Visitor: 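One structure follows; several queries about it will come next.
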Amino acid sequence: MRMSQLFSRTLREDPAYADTRGYALLVRSGFIKQLGAGIFTLLPLGVRSIRKIEQIIREEMDAIGGQEIEMPVVNPADIWKETGRYYSIDKEMARFQDRVGRDMVLAMTHEECVTSVASHEIDSYKQLPQFVYQIQTKWRDDPRPRAGLIRVREFTMKDAYSFDTSMEGLEKIYEENYHAYFKVFNRCGLPTIAVGSDSGMMGGKVAHEYMYLSPIGEDSIVTCSSCDYTANRQVAAFVKHIEKNGEPAPLEKIATPGTSTIEELAEFLSVSEKQCAKALFMMGTFVDPETNEEVQRLIIGVIRGDMEVEENKLQNAARANALRTAHPDEIKEKKMFPGYGSPIGAAEDVIVIVDDSVAGSSNMVAGANEEGYHFINTNFGRDYSGTVADIASARAGDTCSVCGHELKMNRGVEVGNIFQLGTRYSEAMGLTYQDENGRRQPVIMGSYGIGVGRLLACLAEEYQDENGLKLPISVSPYQIHFVSLMKDQAFSEELYKKLSDAKLSVLYDDRKESPGVKFADADLLGIPVRITLGNRGFKEGNLELKYRSDLSTMHTLPIEGAVDELKKIVEELESSLR
RNA sequence: CGGGGCGUUGCCUAGUGGCUAAGGCGCUUGCUUUGGGAGCAAGAAAUCGGAGGUUCGAGUCCUCUCGCCCCGACCA
């Protein structure tokens, strides 16, 4: 490609709106251009990188038996109603009606579609297992896009779906994907770790997320300092050291004026925060299975005073579709009092979720649901009841539940995920097969996603320096950046043709610009191999060779045989990422 | 959806009630220059996001609205 012909151009300054450096560099170098919040155009350089990433994904999916398909972005709402997600997913999914008023949606993932398709294709155990994937556009109306391609509303995702007759089969393909994902990320050059995760809106049990650890990440990742335990904080387990506080004593209400926080309360009563039970009030959204209508119910999460509630855990324990902070009036309506709240004396329809730290302790201090009053000696089971669950948020320094060593906390960006779905979708949509005995059985499914654009965004965060991007050759838009400084371009043209004929992908800077401009742009775009032809070197019969990974070292490359030598260099670089 | 911020030319910014809206980068033309963002000269490009209002006078103040960004809530 001739740089003089390139559709995009480079910017000398960071755009004001870019909140991460990788984003700024992708914009400045002409990979992407924003059209609206979370909506981007991929420019030619961006497309070339994305295509290479997609090709790597294809190869690795094919290698484990994946068959590529392409499903429609627009889905009839019916199939989403069948699984209930039409109702359980809120504004994140775009809905509209077609010309005759049929409900339609923009598919934000394709479990419904693929299950529907598979139900027409699959009838017999002899056809299973199956594994299909697609690379395709999704629209998710995220309330808060940010950081360029890290979090967008329209994005390209590789999504894959497995169909099996047994859990063993599912585990096998899950395992194969688990490793294939690492191959994909390794070939792209992105360091990732797999962490145990919540299955979120996908449903199902076992799930992993692939995390690129970075301060710009929005997820909190718990890792053990000693063993290989890792998990998203949303689900991370840790050891709770529980102190019983003695045999249950009689419940007593006492005046505790001005103690609406746990610190104030513990101080006032001269007890440890660990002996207090604090309450978090949330409004949960549930879907009535009969009417498919949304209902709101108040949830109280009870946790020991020295811990914080992990809302995701609370939501799962309460089996709510969504949570939001409850208003004080909503709390009072259920006979509880914010700041002095507890499940004791609460209205009957309140969902009570009690952290095991509180359930396992005795004689806790808890709110009396009256301003300025607390109970002492409250005991779970005697004074109130509810669902016992782990709803506590893990923190750095907590104890690993696997090996007993200290847990660490990191930020991470989720670039991929894999879910064991089980039969949730096949049962809801009647995807069954006949087994050897002629009996109908639901197909066991898995789903596997990679955010393609997000992967590029993560690479831009990982591979950069003060001069610009320096993407690995496996995802770089071109292999070679050929900077010509010759006044007479005839020889450069010839060399460019030879390089192209040798099937090397070359960005050829043939512009009538000063050397400084060309070098600065070459640094910014960060094509891994750079050759420069100037008048001096030309006289001596040499090209200059630099690697973007080490700009301070200049190599000399004889023009004679340069094409073969470059082919070797490129091949070596490429093979280091296979 | 709450809280905050910002919309001035392709990009970055100045302008804080008073003349024809200013500068840098980029762009066009000419001449010069040619190894790390060149020089000189001449140009083009902005209904100051939009609507309404206050005022003798509004980019500037007020109201509404749209868009974008940030912090939360939420998500791949």
Side-chain angles (χ1 to χ4, degrees), chain A residues 8-20 23-24 27-28 30 33-39 89-93 108-109 138-159 197-202 207-212 217-219 232 234 282-283 285 311-312 315 321-327 412-419 447-455 457-458 467-468 483-489 509 511-524 530 532-538 544 546 551-552 554:
Chain A
S8 59
R9 58 176 172 182
T10 55
L11 298 176
R12 294 198 179 191
E13 286 167 286
D14 284 353
Y17 49 81
D19 53 336
T20 68
Y23 177 23
V27 172
R28 279 183 54 196
K33 177 71 189 165
Q34 183 172 26
L35 181 62
I39 308 176
I89 294 171
D90 199 21
K91 291 177 182 159
E92 203 180 342
M93 181 158 66
M108 41 193 288
T109 171
K138 308 272 186 262
W139 170 264
R140 294 186 189 176
D141 198 353
D142 194 292
R144 191 149 126 62
R146 66 172 281 273
L149 296 185
I150 294 281
R151 210 173 127 172
V152 291
R153 296 195 292 171
E154 183 179 310
F155 61 105
T156 302
M157 183 160 115
K158 185 285 298 180
D159 46 324
S197 74
D198 185 51
S199 51
M201 69 171 180
M202 295 298 180
H208 284 90
E209 290 169 343
Y210 289 77
M211 290 287 177
Y212 163 60
E218 299 183 287
D219 285 283
N232 194 308
Q234 293 181 329
M282 303 294 288
M283 273 316 247
T285 305
E311 287 183 18
N312 185 72
Q315 181 178 335
N321 284 325
L323 286 188
R324 64 163 171 80
T325 309
H327 297 298
V413 180
E414 181 184 348
V415 287
N417 53 41
I418 53 181
F419 297 101
S447 99
Y448 315 85
I450 292 178
V452 178
R454 182 179 279 187
L455 181 45
C458 289
N467 299 308
V483 177
S484 172
L485 302 178
M486 302 285 285
K487 205 177 282 184
D488 177 3
Q489 295 275 39
D509 196 344
R511 296 175 300 170
K512 292 182 177 27
E513 289 288 350
S514 72
V517 169
K518 292 188 174 187
F519 289 136
D521 276 344
D523 293 347
L524 177 63
R530 178 189 316 170
T532 306
L533 181 62
N535 291 310
R536 281 200 317 242
F538 181 61
E544 282 152 29
K546 266 190 184 181
L551 289 178
S552 59
M554 194 205 289

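Residue numbers start from 1 in every chain, and the chains themselves are labelled A, B, ... in the order their sequence lines are given, proteins ahead of strands. As the structure is a prediction and not an experimental result, all values here were calculated from the model.
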Visitor: Closest to the A/Pro143 side chain: B/C68, B/C12, B/C74?
Guide: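 Selected nucleotide (nearest to the side chain): B/C74.
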Visitor: On a whole-Å scale, what distance lies between the C1' atoms belonging to B/G2 and B/C62?
Guide: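 Each nucleotide's C1' atom is 24 Å from the other's.
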Visitor: For A/Gly36, which contact category applies under a 4.0 Å heavy-atom criterion: base, sugar-phosphate, or nothing?
Guide: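 The residue A/Gly36 makes sugar-phosphate contact but no base contact.
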Visitor: Can you tell me the Watson-Crick or wobble partner of B/C68, both distances under 3.5 angstrom?
Guide: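 Its partner is B/G5 (Watson-Crick or G-U wobble, both distances under 3.5 Å).
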Visitor: Mind checking what makes side-chain contact (heavy atoms from CB on, under 4.5 Å) contact with A/Arg9, not counting sequence neighbours?
Guide: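 Checked A/Arg9 against side-chain contact (heavy atoms from CB on, under 4.5 Å); zero matches.
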Visitor: How far, in whole Å, is B/G15 from B/A58 if one measures between their C1' atoms?
Guide: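 That atom pair is separated by 13 Å.
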Visitor: Provide, to the nearest angstrom, the distance between the CZ atom belonging to A/Phe419 and the C1' atom belonging to B/C75.
Guide: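 It is 11 Å, rounded to the nearest whole Å.
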Visitor: What are the two closest non-hydrogen atoms of A/Ala37 and A/Pro145, and how far apart are they?
Guide: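 Closest heavy-atom pair between A/Ala37 and A/Pro145: C-CG, 4.0 Å.
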Visitor: Within the modelled atom types, does a donor on one side and an acceptor on the other bring the side chain of A/Arg9 and the base of B/C27 under 3.5 Å apart?
Guide: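 It does not, because no donor-acceptor pair links the side chain of A/Arg9 to the base of B/C27 below 3.5 Å.
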Visitor: Rounded to whole angstrom, note down the C1' distance from B/U54 over to B/G7.
Guide: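 That atom pair is separated by 22 Å.
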Visitor: Who does B/A45 pair with, Watson-Crick or G-U, both distances under 3.5 Å?
Guide: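 Paired with no nucleotide.
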Visitor: Using whole Å, what does the distance between atom C1' of nucleotide B/C1 and atom NZ of A/Lys91 come to?
Guide: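 Value for this atom pair: 7 Å.
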Visitor: What are the two closest heavy atoms between A/Val483 and A/Asp509, and how far apart are they?
Guide: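 Closest approach of A/Val483 to A/Asp509: CA-CB, 4.2 Å.
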Visitor: Of all residues at least two apart in sequence or in a different chain, which pass the salt bridge (Lys or Arg N to Asp or Glu O under 4.0 Å) check with A/Glu218?
Guide: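 A/Glu218 satisfies salt bridge (Lys or Arg N to Asp or Glu O under 4.0 Å) with A/Arg146, A/Arg151 once adjacent residues are dropped.
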Visitor: Ignoring the backbone of A/Asp19, work out which of B/C69, B/C75, B/C70 is nearest its side chain.
Guide: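 Out of B/C69, B/C75, B/C70, the nucleotide with an atom closest to A/Asp19's side chain is B/C70.
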Visitor: On a whole-Å scale, what distance lies between the C1' atoms belonging to B/C12 and B/C31?
Guide: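 Each nucleotide's C1' atom is 29 Å from the other's.
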Visitor: Taking B/A44 as the reference, what is the distance to B/G10 when you measure between their C1' atoms (whole Å, please)?
Guide: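 To the nearest whole Å, 13 Å.
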Visitor: Within the 4.0 Å heavy-atom criterion, would you say A/Ile450 contacts the bases, only the backbone, or no part of the nucleic acid?
Guide: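 Nothing, no heavy atom under 4.0 Å.
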Visitor: Of all heavy-atom pairs between A/Ala147 and A/Asp19, which one has the smallest distance, and what is that distance?
Guide: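 In this case the closest contact between A/Ala147 and A/Asp19 is CA-OD1, 3.1 Å.
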Visitor: Base contacts versus sugar-phosphate-only contacts with protein, heavy atoms under 4.0 Å: please encode nucleotides 35-43 of chain B as B, S and - from 5' to 3'.
Guide: BBBS-----
Visitor: Measure CD/A/Glu209 against C1'/B/C75 and give the value in whole Å, please.
Guide: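 The answer, rounded to whole Å, is 10 Å.
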Visitor: Considering all heavy atoms of both residues, which atom of A/Glu513 and which atom of A/Lys518 are nearest to each other, and what is their separation?
Guide: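 Scanning both residues completely, I find the closest heavy atoms to be O-CE, 3.7 Å.
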Visitor: Provide the Watson-Crick or G-U wobble partner of B/A73, both distances under 3.5 Å; none if there is no partner.
Guide: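 Across all strands, not a single nucleotide pairs with B/A73.
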Visitor: Can you check the A/Ile150 CD1 to B/C70 C1' distance for me, whole Å?
Guide: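 Distance, rounded to whole Å: 16 Å.
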Visitor: Expressed in whole Å, how much space separates the C1' atoms belonging to B/C27 and B/A46?
Guide: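 After rounding to an integer number of Å, I get 15 Å for this pair.
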Visitor: Find the distance A/Tyr17:OH to B/C69:P and express it as a whole number of Å.
Guide: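 Atom OH in A/Tyr17 sits about 9 Å away from atom P in B/C69.
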Visitor: Need the pair for B/C40. Rule: Watson-Crick or G-U wobble, both distances under 3.5 Å, any strand; none if unpaired.
Guide: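 Pairing partner, where one exists within any strand: B/G30.
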Visitor: Given that both distances must come in under 3.5 Å, which nucleotide forms a Watson-Crick or G-U wobble pair with B/U63?
Guide: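 WC or wobble partner is B/A51.
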Visitor: Taking a pair as Watson-Crick or G-U wobble with both distances under 3.5 Å, which nucleotide is matched to B/C56?
Guide: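 B/C56 is paired with B/G18.
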Visitor: Which residue, A/Pro145 or A/Glu311, contacts RNA chain B at a nucleotide closer to its 5' end, judged by nearest heavy atom?
Guide: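 That would be A/Pro145.
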Visitor: Grab the CD-C1' distance between A/Glu13 and B/U13 for me, whole Å please.
Guide: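 The answer, rounded to whole Å, is 8 Å.
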Visitor: Send over the distance from A/Glu218 CD to B/C74 P, rounded to a whole Å.
Guide: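 In whole Å, B/C74 P and A/Glu218 CD are 12 Å from each other.
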Visitor: Give the intermediate values and the outcome of side-chain contact (heavy atoms from CB on, under 4.5 Å) for residues A/Tyr212 and A/Leu455.
Guide: CA-CA 9 Å; A/Tyr212 163 60; A/Leu455 181 45; over 6 Å; no
Visitor: If we ignore hydrogens and angles and just use 3.5 Å, is the side chain of A/Arg153 paired with the main-chain N or O of A/Arg140 as donor and acceptor?
Guide: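 Here the side-chain-to-backbone pair does not exist.
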Visitor: Could you check which of B/C74, B/C1, B/C68 has an atom nearest any side-chain atom of A/Gln34?
Guide: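 The nucleotide sitting nearest to the side chain is B/C68.
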Visitor: Whole angstroms only, please: what is the CH2-P distance between A/Trp139 and B/C75?
Guide: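 It is 17 Å, rounded to the nearest whole Å.
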Visitor: In whole Å, what separates the P atom of B/C70 from that of B/C25?
Guide: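 Per the computed distance, 29 Å lies between those P atoms.
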Visitor: Between B/C69 and B/A51, how far apart are the C1' atoms? Round to whole Å, please.
Guide: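 Straight-line distance between the two C1' atoms is 23 Å.
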Visitor: How long is the straight-line distance from CG of A/Asn417 back to OG of A/Ser447, given to the nearest 0.5 Å?
Guide: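 CG of A/Asn417 is found 6.5 Å from OG of A/Ser447.
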